[in-house]
Amino acid sequence: MPELGEVEIARKHLQSWWTDAASTFHLIDAKVLKSGEPADLERQISQTPRAFKRRGKQLWVEFADGPHLAFHFRMTGQIVRTTSPEERFSRIAWQVGDSWLHFVDPRRFGYVEVWTDSERDAALAKLGPDPHAADPKLMREKAGARQLKAALLDQSVIAGVGNIAFIEVMWRLGLHPEIKGSQLSKAEWSRLIQAFVDFFDEVVERDFSPEQGRIDYVNTGGTNPFEIYQQDQCPKCSGGIERLVQGGRSTYFCPRCQRSGRR
DNA sequence: CGGTCCTCCTGATGGC
DNA sequence: TGCCATCAGGAGGACC
């Protein structure tokens with residue numbers, strides 16, 4: 001799944017579900033293995049994991065010995081636990097005890113990589129800090145003259161923010177979505193960063209359950225738990241939500257409640 | 001540098 | 001019912 005909160009939930013799920021070496025392994029769609037050989041993947045997945053780690057939307061698993069396994073979910077990837085080796089859109093399946101774990105990804109934008117230590121370090125070097133570790137002064141510099149949306153979705157500036165988090169947080173702070181980073185003071189940058197920390201904490205608090213086998217949002221027939229994203233009416237003023245497109249991505253916002261920084 | 005468009009892929013949804 | 005357009009949580013690259 002997509003943003004920091006859902007990836008953190010996937011990390012916690014793997015941690016509670018993948019407690020032993022896999023006994024059976026199926027690489028159902030070899031295309032999802034972006035780097036490394038199928039044999040490398042099978043060898044690692046058949047070991048007992050030592051640590052489950054995450055930065056932003058990047059998840060990886062470390063083992064006592066050998067390379068690491070990295071997961072990136074992009075738009076529609078997620079980790080699912082079932083009792084069957086058959087699962088719709090499963091690209092990789094492995095059996096742990098009585099459970100089957102699946103890397104499920106209908107659109108196949110997501111991928112898995114086998115990482116050496118130096119490959120891991122190189123991948124992480126391209127990512128900015130998680131929101132809780134972000135420095136407002138540095139953030140403001142790295143945002144440059146761009147619109148906030150472009151800067152915040154740039155994973156090298158801050159890691160983990162996606163389209164939904166951007167939309168929800170801008171509404172919470174009353175900021176117009178077309179505002180530029182340079183229009184915000186350092187104090188306002190601090191509030192912005194804290195709002196992302198709060199938003200992602202709430203997602204994990206609301207949606208993580210060790211027993212729950214999957215998460216379904218908006219586009220998969222599930223519910224929409226968000227206040228502005230793909231909504232019609234503003235919860236604050238009851239006015240209509242509007243939609244605009246920035247960099248090819250939809251932005252939903254309330255033109256009455258989000259006037260701050262309006263151009 | 002910044003903005004826009006396209007691409008990867010497969011589905012759900014709504015209009016006609 | 002069928003057909004077509006549009007949109008979808010991400011991100012990299014081409015191009016102006």
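Throughout, a chain's letter reflects where its sequence line sits, starting with A, and its residues are numbered from 1. Note that these values count all heavy atoms, side chains included, but never hydrogens, waters or copies made by symmetry.
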Lys/Arg N to Asp/Glu carboxylate O, Asp198(A) vs Arg172(A), below 4.0 Å: no

Assess Arg91(A) against Phe71(A): is NZ or CZ under 6.0 Å from the centre of the six-membered ring, and within 45 degrees of the ring's axis? no

Using a strict threshold of under 4.0 Å (side-chain N to carboxylate O), is an ion pair present between Asp130(A) and Arg54(A)? yes

Does the side chain of Tyr252(A) get closer than 4.0 angstrom to OP1 or OP2 of dA8(C) through an N or O atom? yes

For atom CG of Leu244(A) and atom P of dC7(C), their distance in whole Å: 13 Å

Report yes or no: is there a donor-acceptor pair, N or O only, under 3.5 Å between the side chain of Arg107(A) and the base of dC9(B)? yes

Is there aromatic stacking of Phe109(A) against dG10(C), centre distance under 5.5 Å, plane angle under 30°? yes

Taking atom types as modelled, find out whether Thr82(A) and Ser84(A) have a side-chain donor-acceptor pair closer than 3.5 angstrom. no

Using a heavy-atom cut-off of 4.0 Å across all strands, would you classify Lys31(A) as base, sugar-phosphate, or nothing? sugar-phosphate

Under 3.5 Å between N/O atoms: give me all the protein pairs with nucleotides 1-3 of chain B, atom names plus distance.
from: dG2(B); atom 1: OP1; to: Ala145(A); atom 2: N; distance (Å): 3.1

For Phe89(A) and dG11(B), give me the distance from atom CZ to atom C1', rounded to whole Å. 7 Å

Counting only heavy atoms not in Gln233(A), do more than 12 fall under 6.0 Å of its CD? yes

Rounded interatomic separation in angstrom, taking CZ from Arg108(A) and P from dC8(B): 12 Å

Atom-to-atom span, CG of Asp29(A) to C1' of dC8(B) - whole angstrom: 13 Å

Give the rounded distance in Å between these two atoms: CD of Gln246(A) and P of dC5(B). 13 Å

Ignoring hydrogens and geometry beyond distance, is a side-chain donor-acceptor pair present between Asp40(A) and Gln44(A) at under 3.5 Å? no

Gap between atoms CD1 and C1', on Ile9(A) and dG9(C) respectively (whole Å): 13 Å

Whether the side chain of Glu42(A) engages the backbone of Ala39(A) through a donor-acceptor N/O pair (distance < 3.5 Å, no angle test) should be reported. no

Look at the side chain of Arg50(A) and the backbone N and O of Glu62(A), then say whether any donor-acceptor pair between them is shorter than 3.5 Å. no

Quick check: does any side chain N or O of Trp115(A) sit under 3.5 Å from a backbone N or O of Gly36(A), one acting as donor and the other as acceptor? no

Please produce a list of atom pairs where a protein N or O lies less than 3.5 Å from an N or O of nucleotides 11-15 of chain C.
from: dA11(C); atom 1: OP1; to: His72(A); atom 2: NE2; distance (Å): 3.2
from: dA11(C); atom 1: OP2; to: Lys57(A); atom 2: NZ; distance (Å): 2.8

dT10(B) versus dT1(C) - spacing of their C1' atoms, nearest Å: 22 Å

Could you tell me how far apart Asp105(A) (CG) and dG11(B) (P) are, to the nearest whole angstrom? 12 Å

Taking dG9(C) as the reference, what is the distance to dG2(B) when you measure between their P atoms (whole Å, please)? 24 Å

Taking only Lys NZ, Arg NE, NH1 and NH2, and the carboxylate oxygens of Asp or Glu, determine whether Lys137(A) and Glu141(A) approach each other closer than 4.0 Å. yes

Would you say dA8(C) has OP1 or OP2 under 4.0 Å from some side-chain N or O of Thr76(A)? no

Between His13(A) and Phe208(A), is the gap from one ring center to the other below 6.0 Å? yes

Nearest-Å distance for atom pair CD/P, residues Gln231(A) and dG9(C): 14 Å

Parallel, tilted or perpendicular: which fits the ring planes of His72(A) and Tyr111(A), with parallel below 30° and perpendicular above 60°? parallel

Go ahead and write out DNA chain B as dot-bracket, 5' to 3': ( ) for pairs within the strand, [ ] for ones crossing earlier pairs, | when the partner sits on another strand, dots for unpaired; Watson-Crick or G-U wobble, both distances under 3.5 Å. .|||||||.|||||||

Strictly below 4.0 Å: does Arg243(A) bring a side-chain N or O up to OP1 or OP2 of dC7(C)? yes

Nearest-Å distance once atom P is located in both dT6(C) and dC6(B): 12 Å

